[in-house]
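Numbered from 1 within each chain, the chains take letters A, B, ... in sequence-line order.
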Protein chains: 2
Amino acid sequence: MARAHGVLGGKWTTLIFRDLLPGPQRYSGLMRSLGGISPRMLAERLDMLEEAGLVERRVYPTNPPTTDYRLTALGQGMGPVIAAMAAFGSSLPPATGEA
Amino acid sequence: MARAHGVLGGKWTTLIFRDLLPGPQRYSGLMRSLGGISPRMLAERLDMLEEAGLVERRVYPTNPPTTDYRLTALGQGMGPVIAAMAAFGSSLPPATGEA
DNA sequence: CGGTATCCGTTTGGATACTG
DNA sequence: CAGTATCCAAACGGATACCG
């Protein structure tokens, strides 16, 4: 088995979805909004999600070049999952509140 | 850091919820329905979920003693999350189908 | 800006054997 | 039946430095 879990595994994956759901984000934007992720982990997770067909990476030939990431149609399907997780998270007492 | 993620982390946790959602299950029943989990992991995850107040363990003084596990009211709140994940899972192509 | 490369600690998880 | 104990491998993840 290449990876132990599927696309929902890992500490950061759902947070990346949450941040991409409203619309495209740049790499540096994600770094900021995710708060504390290392560049290595962010690149690795984005790679994984792109290979899974859930996220699309676009490079613009501006100067300097810019990049952004957005959810594919398939990736948008995570919306209800994130919403349900957020609702569940708020239903928990503070001590266990981190889903 | 005691544990990196919260109650949704780990490969098996959501599967345990899925199997407990319909009603109480015995330890051996979970072993069977989870297919491939090791006894160590199952015990560890159940412990974690019990400490988080999402699962309740009941021991019956029969002979031999039996045990079962059920979701608490709090744990039932995972229902919509599991449902959303199942829906998302079915929307994925087979190759990426494991959520 | 958008990443890679390297190093290393921590956590997760599988296999197996064993026990009350 | 319902777990524990032990060992080990792999994945996850943080820090930091560096590059086109």
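- Counting only heavy atoms from C-beta outward, the side chains of B:T14 and B:V81 never approach each other to under 4.5 Å.
- Judged by distance alone, with hydrogens and angles left aside, the side-chain atoms of B:T66 form no donor-acceptor pair with the main-chain N or O of B:T62 at under 3.5 Å.
- The distance from atom CD1 of B:I16 to atom NZ of B:K11, rounded to the nearest 0.5 Å, is 12.0 Å.
- Remark: C1' of C:dG13 and CE of B:M31 are 13 Å apart, rounded to the nearest angstrom.
- The interatomic distance linking B:M41 (CE) with D:dG3 (P) rounds to 15 Å, in whole Å.
- Rounded to whole Å, the distance from CG on A:L46 to C1' on C:dC1 is 15 Å.
- Put simply, A:W12 has a side-chain N or O that comes within less than 4.0 Å of OP1 or OP2 on D:dG14.
- Classification of the A:F17-B:F88 ring pair by plane angle, with boundaries at 30° and 60°, yields perpendicular.
- Residue-level contact check: A:Y60 touches neither bases nor backbone, having no heavy atom under 4.0 Å from any strand.
- Contact of the B:L30 side chain with the B:L46 side chain is registered, since non-hydrogen atoms from C-beta on lie closer than 4.5 Å.
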Please tabulate, one pair per line, each protein N/O and nucleotide N/O from nucleotides 15-20 of chain D that are separated by under 3.5 Å, including the distance.
none

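- One interatomic measurement links the two molecules: CZ of A:R32 to P of C:dG3, which rounds to 14 Å at whole-angstrom precision.
- When the P atom of D:dC1 is taken as reference, atom CZ of B:R57 falls 15 Å away, rounded to whole Å.
- Going from atom CG of B:L49 over to atom CG of B:L74 covers 11.5 Å, rounded to the nearest 0.5 Å.
- In this structure, the helix from C:dC1-D:dG20 to C:dG20-D:dC1 shows an angle of 50° between the axis at its start and the axis at its end, each fitted on 5 base pairs and rounded to 10°.
- For residues 74-89 of chain B, there are no salt bridge (charged side-chain N to carboxylate O under 4.0 Å, His left out) pairs, not counting sequence neighbours.
- Contact check on B:R70 versus B:D68 returns a salt bridge, with a Lys/Arg side-chain nitrogen under 4.0 Å from an Asp/Glu carboxylate oxygen.
- In this structure, A:L15 atom CG and D:dG14 atom P are separated by 11 Å, rounded to whole Å.
- Atom-to-atom, NZ of A:K11 to C1' of C:dG9 comes out at 14 Å; the value is rounded to the nearest Å.
- Contact annotation: B:S28 reaches the phosphate of D:dC1 (side-chain N/O to OP1 or OP2, under 4.0 Å).
- Taking only side-chain nitrogens and oxygens, A:Y27 never comes nearer than 4.0 Å to OP1 or OP2 of C:dT4.
- In this structure, A:T72 contributes its side chain and A:E56 its backbone to no donor-acceptor pair below 3.5 Å.
- Regarding B:I37, its CD1 atom lies at a distance of 7 Å from the P atom of C:dG14, rounded to whole Å.
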